[in-house]
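From a predicted model like this one, the values you see are computed outputs, not experimental measurements. First the proteins, then the strands, lettered A, B, ... as listed; each starts at 1.
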Protein chains: 2
Amino acid sequence: MARAQTLSRNQQIVLDIIQKAKGPLKAYSILFNVQKKGIKAPQQIYRALDKLIGMGKIHKIESKNAFVACRSSDCEISKATAFSICESCEMVDEISDTKLSKYLSGFNHKKGMKFKRFNLEFFGICKKCKKD
Amino acid sequence: MARAQTLSRNQQIVLDIIQKAKGPLKAYSILFNVQKKGIKAPQQIYRALDKLIGMGKIHKIESKNAFVACRSSDCEISKATAFSICESCEMVDEISDTKLSKYLSGFNHKKGMKFKRFNLEFFGICKKCKKD
DNA sequence: TCAAATATGTTATATTATAACAAACGTTAT
DNA sequence: ATAACGTTTGTTATAATATAACATATTTGA
Ligand SMILES: [Zn+2]
Ligand SMILES: [Zn+2]
Ligand SMILES: [Zn+2]
Ligand SMILES: [Zn+2]
C-alpha cells in the first residue's frame with residue numbers, strides 16, 4: 001500500500017506554485033507557469049492535481065474550477081471543506097470553524113442517506129472590496 | 001424594468017426538459033435533446049440556463065457541471081442551496097431543511113465578510129445504491 | 001532481482017462555456 | 001401608429017476545461 005507521504009516531482013512542482021499563489025489558480029494557468037520546469041501537457045497538471053486533492057494538500061473550488069492550497073490542518077482528507085469567496089475580487093478563504101464543521105458532519109439526510117463528505121461555498125463581497 | 005414573470009420560448013423548452021428529467025442534466029445533453037425543437041447552438045442553451053438560474057427555477061450542481069430543477073419553494077433566488085449527491089448513481093436531491101438553511105444563512109465569517117449566498121453539496125452513497 | 005504499483009511523457013480528443021454580431025420581438029411612451 | 005428601448009433569438013467561431021489512450025520510466029517492496 002503506497003501511502004504517499006512523499007510527493008513526486010510533478011506533484012511537488014504543482015503544489016509549490018499553488019501554495020505560493022495569493023489566490024485560486026486554474027489548471028491551465030498552472031500549466032503555463034511550469035512550462036519552464038519541463039511540464040508540457042495538461043494531463044501532467046491534472047494528474048498532479050488529482051493526487052494532491054486525494055492527499056488533502058489542495059482543494060478544488062468547484063464554482064470557479066480553480067485550486068487552492070489547504071490552509072487548515074483539519075481537513076487532511078478533504079472530507080469537510082468550506083470556503084468564503086468574494087464575488088468581486090475572486091479571493092478565496094478556507095473556513096475552518098470547528099462548530100460549523102461538526103454541525104455539518106453530523107447532519108443526516110431525511111431520506112436515510114449517510115454523508116461521507118461535504119463542500120460548502122459562501123459568496124459575498126470581501127471587506128477589502130467593500131471599501132472601494 | 002423587465003420582471004420576467006413569464007418565460008420565453010427557449011427558456012420554457014429548457015426548463016421543461018430539466019423538470020422532466022430524473023436526474024441532473026448537462027448542458028450539451030439538453031442541447032441534443034432539444035434539437036428537434038429547433039434549438040441548434042450551445043449559446044441558446046447556456047443563455048436559457050443563466051436566466052433560469054437567475055429566476056431560481058433551476059440550480060447548477062457545481063461539482064458535476066449539471067443542472068436540476070428547483071424542488072423547493074424556499075429558494076426562489078437561489079441564495080441558499082443544499083444538495084445531497086450519490087457518488088455511485090449520480091442522483092441529486094435538493095435538501096430543504098429550514099434549520100440547516102437558517103444556521104448557514106446566519107453564519108458569519110470571522111474576517112468580517114458578510115455572506116449573500118451559499119451552496120452546499122453533500123456526498124455519499126444513496127440508500128438504493130447501498131443495497132447492491 | 002524481479003514483479004507490481006506508481007509516475008511520467010506525449011499526442012489526440014472530448015467536454016464545457018463564452019465572444020461577437022446581426023436580426024427579430026415585445027414593451028411602452030409619445 | 002411608430003420610434004425607442006430592452007430582451008430574446010439565431011448563428012458562427014473560438015476559448016477554456018478536462019480526459020482517453022498508450023508507451024516508457026521510476027520507485028517500492030517481497
Ligand atoms: Zn483544507
Ligand atoms: Zn474582494
Ligand atoms: Zn431550489
Ligand atoms: Zn445512488
Side-chain angles (χ1 to χ4, degrees), chain A residues 1-18 21 23-68 87 90 92 119 121, chain B residues 1-18 21 23-55 57-68 85 87 90 92 119 121:
Chain A
M1 169 61 178
R3 198 78 210 79
Q5 194 63 312
T6 170
L7 299 178
S8 78
R9 198 186 89 96
N10 288 0
Q11 287 159 15
Q12 190 63 62
I13 290 172
V14 170
L15 179 57
D16 281 348
I17 193 170
I18 295 176
L25 289 183
K26 306 213 146 207
Y28 276 75
S29 124
I30 295 171
L31 175 57
F32 297 141
N33 274 280
V34 299
Q35 286 187 329
K36 60 194 109 180
K37 306 222 177 186
I39 296 181
K40 286 173 182 160
Q43 262 295 4
Q44 297 172 283
I45 303 298
Y46 282 104
R47 285 200 285 229
L49 290 172
D50 282 351
K51 295 292 179 178
L52 292 169
I53 289 170
M55 297 172 196
K57 302 277 190 192
I58 65 171
H59 302 299
K60 180 172 186 180
I61 307 300
E62 295 287 357
S63 61
K64 300 175 77 68
N65 297 318
F67 304 86
V68 295
E87 287 174 312
E90 315 275 278
V92 168
N119 180 56
E121 299 181 1
Chain B
M1 169 63 176
R3 197 79 210 77
Q5 194 64 314
T6 171
L7 298 178
S8 79
R9 198 186 89 97
N10 288 0
Q11 287 159 15
Q12 190 63 60
I13 290 171
V14 170
L15 179 58
D16 281 349
I17 193 170
I18 295 176
L25 289 183
K26 305 211 148 210
Y28 276 75
S29 123
I30 295 170
L31 176 57
F32 298 141
N33 274 282
V34 299
Q35 286 187 328
K36 59 195 109 179
K37 307 223 174 183
I39 296 182
K40 286 173 183 162
Q43 262 296 3
Q44 296 172 284
I45 303 298
Y46 282 104
R47 285 198 285 229
L49 290 173
D50 283 350
K51 296 290 179 180
L52 291 169
I53 289 170
M55 296 171 196
K57 301 277 189 193
I58 64 171
H59 302 300
K60 179 172 187 182
I61 308 300
E62 295 287 357
S63 61
K64 302 175 76 67
N65 296 318
F67 304 86
V68 296
I85 300 169
E87 287 173 313
E90 315 275 278
V92 168
N119 180 56
E121 299 182 1

- Message: Does a side-chain N or O of A/Gln44 approach OP1 or OP2 of C/dT8 to a distance below 4.0 Å, or not?
- Response: no
- Task: Would you give the length of the straight line joining atom CD1 of A/Ile17 to atom CD1 of A/Ile30, rounded to the nearest 0.5 angstrom?
- Result: 6.5 Å
- For the pair A/Lys26 (side chain) and A/Lys64 (backbone), establish whether a donor and an acceptor sit closer than 3.5 Å, ignoring hydrogens and angles. yes
- Message: Does a side-chain N or O of A/Lys40 approach OP1 or OP2 of C/dG9 to a distance below 4.0 Å, or not?
- Response: no
- Note on the structure: Dot-bracket for DNA chain D, 5' to 3', Watson-Crick and G-U pairs with both distances under 3.5 Å, [ ] for crossing pairs, | for partner on another strand, reads ||||||||||||||||||||||||||||||
- Note on the structure: A/Glu62 CD to D/dT17 P, in whole Å, measures 14 Å
- Note on the structure: Per-nt protein contacts along nucleotides 11-26 of chain C (heavy atom under 4.0 Å; B base, S backbone sugar-phosphate only, - none) come out as B----BBBBB------
- For the side chain of A/Gln44 and the backbone of A/Ala41, is there at least one donor-acceptor N/O pair under 3.5 Å apart? yes
- Note on the structure: All heavy atoms of A/Phe67 vs all of A/Ile58, minimum pair found to be CD2-CD1, 4.3 Å
- Note on the structure: Whole-Å distance, B/Gln35 CD to D/dG10 P, equals 13 Å
- For B/Leu31 and D/dG10, give me the distance from atom CG to atom C1', rounded to whole Å. 13 Å
- Message: Check this one for me: any side-chain N or O of A/Ser8 less than 4.0 Å away from OP1 or OP2 of C/dT8?
- Response: yes
- Query: Considering all heavy atoms of both residues, which atom of A/Ile45 and which atom of A/Ala27 are nearest to each other, and what is their separation?
  - Reply: CG2-O, 3.8 Å
- Message: Show the nearest heavy-atom pair for residues B/Glu87 and B/Glu90, with the distance to one decimal.
- Response: O-OE2, 4.2 Å
- Residue list, salt bridge (charged side-chain N to carboxylate O under 4.0 Å, His left out) with A/Lys51, at least two apart or on another chain: none
- Rounded to whole angstrom units, what separation is found between the CG atom of A/Leu7 and the P atom of C/dT6? 15 Å
- Message: In this structure, how many angstroms lie between the C1' atom of D/dT17 and the CG atom of A/Leu49, rounded?
- Response: 12 Å
- Message: With a cut-off of less than 4.0 Å, is there a side-chain N or O of A/Gln11 near OP1 or OP2 of C/dA7?
- Response: yes
- Item | B/Glu62 backbone acceptor or donor facing B/Glu121 side chain under 3.5 Å | yes
- Straight-line distance of A/Lys37 NZ to A/Asn33 CG, nearest 0.5 Å: 10.0 Å
- Query: In whole angstroms, how far is the P atom of D/dG6 from the NZ atom of B/Lys51?
  - Reply: 13 Å
